[in-house]
Every structure is written in C-alpha cells, then in structure tokens.
Amino acid sequence: MAATTVKHPKGLYFVFSISIAERFGYYGMRALFVLYMINALMMDKDLSALIYGNYTGLVYLTPLIGGYVADKYWGMRRSTFWGTVLMVIGQLLMFFSALYFQYPGPARWLMYLGLGALIFGNGFFKPNVSTFVGQLYEPGDRRLDSAYTIFYMGVNLGAFVAPLICGFLGDTGDPADFKWGFLVAAMVSLLCLILYVLRKDKYLVDPAGNPIGIEAAARKKREATGTTPSVKYTFKEIVLWIVVSGGLFALFMHLFKGDLIGAFIYTAALVVPAFVISDKSLTKIERQRIWVIYIIAFFVIFFWSAFEQAGISLTYFAAEQTNRDILGWTMPTSWFQSFNSVFVILLAPLFAQLWLALGARNREPSSPVKQAIGLLLLSLGYLLIAIGVQGVEPGVKVSIMWLVGLYFIHTMGELCLSPIGLSMVNKLSPVRFASLLMGVWYLSMATANKLAGTLSSLYPEEGKMKHLFGIEIANLFDFFMVFVVMAAVASLILFLLSKKLQKLMHGVR
C-alpha cells in the first residue's frame, strides 16, 4: 500500500543537494559562455549563437545515451558517477581554455573538448538523478509529485545563484577574468562529485532500506525472471531502422537547409521513441503507459519552445523596450534571467504543499490535467505582455511590471508542468526503461529548444517582413499573440484528451 506520511525520505534531500551543485556548475558556465566566445575568443555573434544553440540542444539529447547505458549495462549509480566526472573534466577544460585565451587556436580546441565532456557528462547525470527521486518511494506514493517539485526547487536554486557568483568573478570587462568564473563552476562540480561518492550508499535506498541504482534494470529483471527483457532485432529490422533514420535525417537536412545538429535532433525525436515502443517485451499496459509519456511529451514541446523565449526574444524585449530604471539605477538586462529561478524557489514549496493537500482530500488533478493547466498559464503570461505592448510604437519602453508579471505566471505554469512531467515519466515507465524514457522526455526539450530558435526569428525588426503560415507578424502584439494562441490550443486539446490519457495510465495519477 502506498505511503501516506507527509515526511519525505532523507535521500530526497541528498539528491536535492547534488542537483544544486551540478546545476550551479552548468548555469555558472552557461552565464559566461557566449560572453567568453565574443569578448575573449573574438568570435562573431552568428558563430557564437550557433555554437551555443548546438550545445544546449545536445545537452538535452545525450540523456538518451546515458539513460540507455544505465538501463542496459551500468546501472544508475555508476552512470551518475561517470557523468559527474565528465562534467568536472569539462569545466576544467573551459577554465584552461580561458586561461590561454590569448592563443585562439588551442583555446578554441580546449573549449570544444570541454563542451563535449559537459554534453556527455550531463547525458549520464541528468536522467539518472531524476530517476533516483522516484525510486526513493513506493509505487503509487502520493508524495511523488511533491518530491519532484522539491527536487525542481533545488535545480533552480543552483540556477539562480550560479550566474550571480560566476558572473561577478568572470564578467568584469577584462577577458582575462573569465577563467575565474569557469574555475568556480569547476570547483562546485568537483564538490558535487565528492558529495555523491561519500554519501550515495547512505541515502540512495528504497523505503525498505535496500540500495537503489546499483544494477542495470535490464540485468536485474533478467536475473529475477530468468528471461531476456527484450527481443533481439533481426538483420532486416536493423536495416529498416537504419534506412528510416537515414531518410528522415536527409529530409530534415533539406528542410532546415543543412542544419546538421537540428536534423540529428529532429530525427532522434521520431526514431528513438519508435524504437522503444516497438520492443517486443512490452506488455499491453506498459505500451499504453509509454504512449501517454509520448503524447504529453509532444505537448511539452509547445510549452518549452514558448517558455525558452526568455533567453532569446524576451531578452531582446527587455533590452530594447522595457523601462529598467529603478530609482535612478538601471537594471542589467541579464538580471531578468534570474527572475524565473527566484519565483521557482519561492513558489515550489507552496506547490508541493498544494499537491499534498489536494491528494489528502482525493482532489489532486491527474498529471495530464496539471500539464494542461501549465500550458494555459503559459498562454496567459503571453496574453498579459501582449496587452502591455498593444499599440506601443517601436523604441517606446513599457513598464518593467509587464515582463515581471509574465515571468511570474510562466513560473506557475512551469511548476504545473516540468516537475510533474518528471514524476509522470517515473511513474509510467517500466523499470527496465526508466532512465531511457527519462532521456526521451529530455529529448522533447531538445526539440523544443531548436524550435524556440525558429520561433524567435519572428521577432519584429524594422525593415523586415515576418510571416507565419502566411500571416504577417507586424509588431510585438502580433508576435506575442503567436504564443498565446499556440499554448492555448495545446492546453485545450490536452484537457480534452486528459480522461482518455488517464485510462491509458491504468491507475497511475
């Protein structure tokens, strides 16, 4: 029977702690990354933006690899360890790149090697740590959504503090100082590794006190049942998968004009889920639950492609058409990036208690309904700012409160969708595919990040005509209404599908 106690296991706060440290390293480095490329390595903005976009897209793609290796071979603990080691190496390579920035050739190669280590390190760390949270609880435990909300708060605490500290040390106007920001990110990543090694055996245990994540899920099932958890593919099937993948890759290369990384991400977004769902060992119920993950992941793409405008078009808006003067002091544009994390830290405990309180009264919404609410709140945030800019001429600045209000509403939507999504994937995934399906979930975010860049290109610019499906995007009101309509339609459809999806979840909420 599922536990009803409100108190969470100590393992949750251990995962919370290492997530703070890991996210500090990630966001600390990311806060300096573009500035470093432009001001130290003297790259132009187009090349810097391309490298940055490819990096952030691949960061959400490699959890597929890390999840697969954990499920099939290494187990979650070993995968998490090597993922953390790679991230420490990556951060140190970024430090050495900045240390020798006066030598552009070696510095660039050190940076590329560092990015590669960070991409793969994140791939092994992210899906497995997220999966650890779910395995700390019994199946069906009502505390799980609350637990993932607390976990999510830890992620955002690291995301909030890191840019302030690393930015203070590294973004001084002197290119020689970037190395200090990268070094702090490396040291905190090393702290994450040390904390994980010293405390994992004590805290990573299930409710019965048994260690979790030591064995690969597939191997554990094979030993328990004496059967192979999945059927090997025939030569013809392998050839078919290769041909389909190659065809889709070629199609996306043509559609997106040679965007290699984009074509790879979009191909993976179709092929990998199809590959998992075709596994012959899946039961009917397991397959239906996986379909629920896929359907909701599809709607999540619409959420994140709009939400991630914060780093692109909403930054343009903050710089160009937001009045940032406060009592004679001008707020830096980059500080707006901290608003979301601050609101998550403030609101996450309230949402965690809300889900627990509703669960105790048997009135807690199902996961699909919560995520539909998240999409609706996203739409309302853009509606708010669309009202704020209606009739405003280019160059005229509006009150800072419009943008603050948007971030506040979007954060509430994020808390209804993102931690709930992590919890849902954990609850619906067959144990032997838990980390891999968490990787599929993050793959939807990789797809969304690439789509966000495409949508941001619609941002109005003087002298340029922008169109979407033949409709002219003439001003900021038109631009923001694109996201209002997109998110509202996605929310409505998900609301209408929620009862059907709930049936396919077979008792999981």
Side-chain angles (χ1 to χ4, degrees), residues 45-46 49-50 53 57 247-267 269-270 295 297-321 372 374-396 398 402-403 406 409-410 413 444-497:
K45 289 183 179 179
D46 288 344
L50 177 63
L248 286 171
F249 182 79
L251 176 63
F252 286 127
M253 283 287 285
H254 173 72
L255 292 175
F256 297 105
K257 300 177 181 178
D259 182 357
L260 183 67
I261 301 298
F264 187 70
I265 289 174
Y266 291 132
T267 299
L270 294 176
I295 292 168
F298 172 75
F299 286 97
V300 162
I301 292 173
F302 294 101
F303 181 90
W304 289 114
S305 62
F307 187 91
E308 290 298 332
Q309 295 301 312
I312 316 170
S313 62
L314 290 176
T315 297
Y316 301 154
F317 179 75
E320 299 167 1
Q321 291 202 239
L375 279 162
L376 178 60
L377 288 167
L378 181 79
S379 177
L380 292 176
Y382 275 110
L383 180 61
L384 175 70
I385 203 165
I387 293 171
V389 301
Q390 190 171 19
V392 175
E393 296 296 325
V396 176
V398 302
W402 294 109
L403 201 49
L406 173 140
I409 296 172
H410 281 188
S444 71
M445 297 171 69
T447 305
N449 272 272
K450 292 297 292 185
L451 181 58
T454 302
L455 293 173
S456 70
S457 67
L458 298 173
Y459 191 84
E461 295 180 78
E462 190 175 352
K464 292 185 179 181
M465 301 291 291
K466 306 290 183 71
H467 294 86
L468 179 65
F469 302 125
I471 301 172
E472 183 181 357
I473 309 298
N475 49 48
L476 283 171
F477 177 80
D478 295 342
F479 176 73
F480 290 131
M481 285 303 296
V482 169
F483 300 103
V484 172
V485 174
M486 181 180 76
V489 170
S491 174
L492 176 61
I493 295 173
L494 189 53
F495 266 122
L496 295 175
L497 289 175

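None of these values were measured; they are calculated from a predicted model.
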Contacts of type side chain to side chain contact (heavy atoms under 4.5 Å, CB included), residue [X], not counting sequence neighbours:
X	answer
Leu270	Leu248, Phe252
Ser444	Ala297, Val300, Ile301
Leu251	Leu255

side-chain contact (heavy atoms from CB on, under 4.5 Å) between Tyr382 and Leu314, worked out: CA-CA 11 Å; Tyr382 275 110; Leu314 290 176; 4.0 Å; yes
Locate the shortest heavy-atom distance separating [X] from [Y]; write the atom from each residue and the value.
X	Y	answer
Gln321	Glu393	NE2-O, 3.4 Å
Ile387	Trp402	CG2-CH2, 4.3 Å
Val398	Val392	CG1-CG2, 3.9 Å

Quick one: pull up [atom1] in [X] and [atom2] in [Y] and give me the separation to the nearest 0.5 Å.
X	Y	atom1	atom2	result
Gln309	Phe317	CD	CZ	13.5 Å
Leu406	Ile385	CG	CD1	5.0 Å
Leu384	Leu403	CG	CG	9.5 Å
Met253	Thr267	CE	OG1	9.5 Å
Leu260	Ile265	CG	CD1	10.0 Å

Got more than 12 heavy atoms from elsewhere within 6.0 Å of OH, Tyr266?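 For Tyr266, atom OH is crowded (more than 12 foreign heavy atoms under 6.0 Å).
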With a cut-off of 6.0 Å (strictly less than), are more than 12 heavy atoms of other residues, nucleotides or ligands near CZ of Phe298?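 Atom CZ in Phe298 is not crowded, with 12 or fewer foreign heavy atoms closer than 6.0 Å.
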Residue pairs, two or more places apart or on separate chains, that pass side chain to side chain donor-acceptor pair (under 3.5 Å) and touch residues 247-262: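 The answer is Asp259-Lys450.
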Only pairs under 3.5 Å count here: list side-chain donor-acceptor contacts from residues 474-497, not counting sequence neighbours, and write none if there are none.
| unit_1 | atom_1 | unit_2 | atom_2 | d |
| --- | --- | --- | --- | --- |
| Asn475 | OD1 | Phe477 | N | 3.2 |
| Asn475 | OD1 | Asp478 | N | 2.9 |
| Asp478 | OD2 | Ala474 | N | 3.1 |
| Ser491 | OG | Ala372 | O | 2.8 |

In chain order, what residues pass the ring pair (Phe, Tyr, Trp, His ring centres under 6.0 Å) check against Trp304, with sequence neighbours excluded?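 Expected list: Phe307.
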